[in-house]
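Notes follow the structure.
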Protein chains: 2
Amino acid sequence: MASLGDLERSVMDLLWDSAEPLTANDLRDDLAALGTDAKELAVTTVLTVLARLEKKGLVERERSTRPHRYAACSSREDHTVGLLNEALGSAQDREAVLARFIGGITADEAASLRAILDSVKSA
Amino acid sequence: MASLGDLERSVMDLLWDSAEPLTANDLRDDLAALGTDAKELAVTTVLTVLARLEKKGLVERERSTRPHRYAACSSREDHTVGLLNEALGSAQDREAVLARFIGGITADEAASLRAILDSVKSA
DNA sequence: GACGATTTCGACAGCTTGTAGAAGTCGAGC
DNA sequence: GCTCGACTTCTACAAGCTGTCGAAATCGTC
């Protein structure tokens, strides 16, 4: 799984948060609105990033409409889960890692984890 | 947290697996023994990588002995947990991610997770 | 003080990411 | 059909990261 740079990440966040596919211009504006720096990127910059994200398989492009419209291929959660599995990856010590990891989550999260485990178990 | 290249990762794996600190020569030999390619790296290559890992805070160096000896700063598990938290990190939807994640682990892991959760809860 | 082992410095290639100008293409309106 | 502006593609470049070392400095020993 490919790692993302700062700008790529920002673009993905916008796409993930958007219900509709967005155009490069939409994204340029949204990016400018995001940072307090108010720095406007060139549209070509956004397009380059989108092309790279497309090549990485993270973004789909509608070529039928004239301003092409871009959307994330998978949800943010699925992407994050991919990252988690990659981090855990080939580690043979998965359980040891999980043990330490559990130690660091909040009580609320532990509770919901337990609930999730229970529902999975019954399935 | 810094991500690791292939060689850096191999070196860290060796250091994590070793009970004792290792020298650059040890590592060069171990690396050659690892890959079936039997390609020997120059010692300076290993030293460069070790210096970079030290700068990243992943490796400690004993300068007192003449062939310097290198050891991992933290355990592989701790490092992996760091990666996990980094992956989860920016996500405000931690629970959603955890839910999907649980769906992907093995039954055995789910069982041990439950056990871990129980022990944490009682603590 | 010289010599061999070891470390440090500097270097270079290849890849990734941010950034964008220049040039090509496409659709709408004349 | 032809033109014009919007949109996309191509190409490029700088910075940073990683793998890879050779050359030069250093250190301990004989």
Side-chain angles (χ1 to χ4, degrees), chain A residues 1-15 20-32 34-71 79 83 86, chain B residues 1-15 20-71 79 83 86 90:
Chain A
M1 181 163 302
S3 63
L4 300 180
D6 290 342
L7 181 52
E8 290 176 333
R9 174 73 199 190
S10 297
V11 168
M12 287 309 299
D13 275 336
L14 287 171
L15 292 178
E20 310 244 315
L22 300 176
T23 70
N25 275 308
D26 292 340
L27 287 164
R28 180 190 19 76
D29 296 344
D30 290 352
L31 286 170
L34 264 191
T36 50
D37 48 358
K39 174 176 77 168
E40 284 258 310
L41 291 175
V43 188
T44 52
T45 299
V46 180
L47 282 164
T48 300
V49 169
L50 284 168
R52 288 174 184 165
L53 289 172
E54 191 187 18
K55 189 186 298 183
K56 291 182 185 179
L58 294 175
V59 155
E60 265 175 348
R61 164 193 331 220
E62 275 182 47
R63 281 195 155 84
S64 51
T65 67
R66 178 48 174 167
H68 295 180
R69 295 159 69 80
Y70 300 81
H79 179 254
L83 290 182
E86 193 175 75
Chain B
M1 182 163 304
S3 64
L4 299 181
D6 290 341
L7 182 52
E8 291 176 333
R9 174 75 198 188
S10 298
V11 168
M12 287 309 298
D13 275 336
L14 287 172
L15 292 179
E20 311 245 314
L22 299 176
T23 71
N25 275 308
D26 292 340
L27 286 164
R28 178 188 23 70
D29 296 343
D30 289 353
L31 286 169
L34 264 191
T36 50
D37 48 357
K39 175 176 74 165
E40 285 258 310
L41 291 176
V43 189
T44 51
T45 300
V46 180
L47 283 164
T48 300
V49 169
L50 285 168
R52 287 173 184 167
L53 289 171
E54 192 187 17
K55 189 186 298 184
K56 291 182 183 179
L58 294 175
V59 156
E60 264 175 348
R61 163 190 335 215
E62 275 182 48
R63 280 196 155 86
S64 51
T65 67
R66 178 50 176 167
H68 295 179
R69 296 159 70 79
Y70 299 81
H79 179 253
L83 290 182
E86 192 175 75
S90 49

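Only heavy atoms go into these numbers, but all of them, side chains included; no hydrogens, no water, no symmetry mates. Bear in mind that the values here come from a model prediction, so they are computed numbers and not experimental data. Letters go in sequence order (proteins before strands), and every chain restarts at 1.
- Between Ala32(B) and Glu40(B), the closest heavy-atom pair is CB-OE2, 3.3 Å.
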- prompt: Are Glu8(B) and Lys56(B) close enough, and set up right, to give a side chain to side chain contact (heavy atoms under 4.5 Å, CB included), and what steps lead you there?
  reply: CA-CA 11 Å; Glu8(B) 291 176 333; Lys56(B) 291 182 183 179; 2.9 Å; yes
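- Using a 4.0 Å cut-off, some side-chain N or O of Thr45(B) falls inside it from OP1 or OP2 of dC21(D).
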- request: Mind running side-chain hydrogen bond (donor to acceptor under 3.5 Å, both in side chains) on Thr23(B) and Asp26(B) for me, showing each step along the way?
  value: CA-CA 5 Å; Thr23(B) 71; Asp26(B) 292 340; 3.2 Å; yes
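- When rounded to the nearest whole Å, the span between CZ of Arg9(A) and P of dT17(C) equals 14 Å.
- Remark: C1' of dC17(D) and CG of Leu53(B) are 13 Å apart, rounded to the nearest angstrom.
- Of the residues in residues 60-71 of chain A, those lying under 4.0 Å from DNA chain C by heavy-atom distance are Arg66(A).
- The distance between atom CD of Glu40(B) and atom P of dT20(D), rounded to the nearest whole Å, is 13 Å.
- Ranking dC21(D), dT9(D), dT17(C) by closeness to the Thr44(A) side chain, first place goes to dT9(D).
- Taking atom CG of Asp29(B) as the reference point, atom P of dA5(C) lies 14 Å away to the nearest angstrom.
- Judged by distance alone, with hydrogens and angles left aside, Thr48(B) brings a side-chain donor or acceptor within reach of the base of dC21(D), the pair sitting under 3.5 Å.
- Residue Lys55(B) places no side-chain N or O under 4.0 Å from the OP1 or OP2 atom of dT18(D).
- Paired with Val46(A) under the rule side chain to side chain contact (heavy atoms under 4.5 Å, CB included), one option of Leu50(A), Thr44(A), Val49(A) passes, and it is Leu50(A).
- Taking CG of Leu22(A) as the start and CD of Glu62(A) as the end, the distance is 11.0 Å to the nearest 0.5 Å.
- Place Arg52(B) and Leu47(B) on DNA chain C by their nearest nucleotides, and Leu47(B) ends up nearer the 5' end.
- Atom CE in Met12(A) sits roughly 13 Å away from atom P in dT17(C) (whole-Å rounding).
- Taking atom CG of Leu4(B) as the reference point, atom P of dC17(D) lies 13 Å away to the nearest angstrom.
- For dT6(C), one of the phosphate oxygens OP1 or OP2 lies less than 4.0 angstrom from a side-chain nitrogen or oxygen of Asn25(B).
- The backbone N or O of Leu27(A) sits nowhere less than 3.5 Å from a side-chain atom of Asp30(A) that would complete a donor-acceptor pair.
- To the nearest 0.5 Å, the span separating CG on Leu53(A) from CG on Leu15(A) amounts to 7.5 Å.
- Computed from coordinates, the Asp6(A) CG to dG16(D) P distance equals 13 Å when rounded to whole Å.
- When the P atom of dT17(C) is taken as reference, atom CG of Leu50(A) falls 14 Å away, rounded to whole Å.
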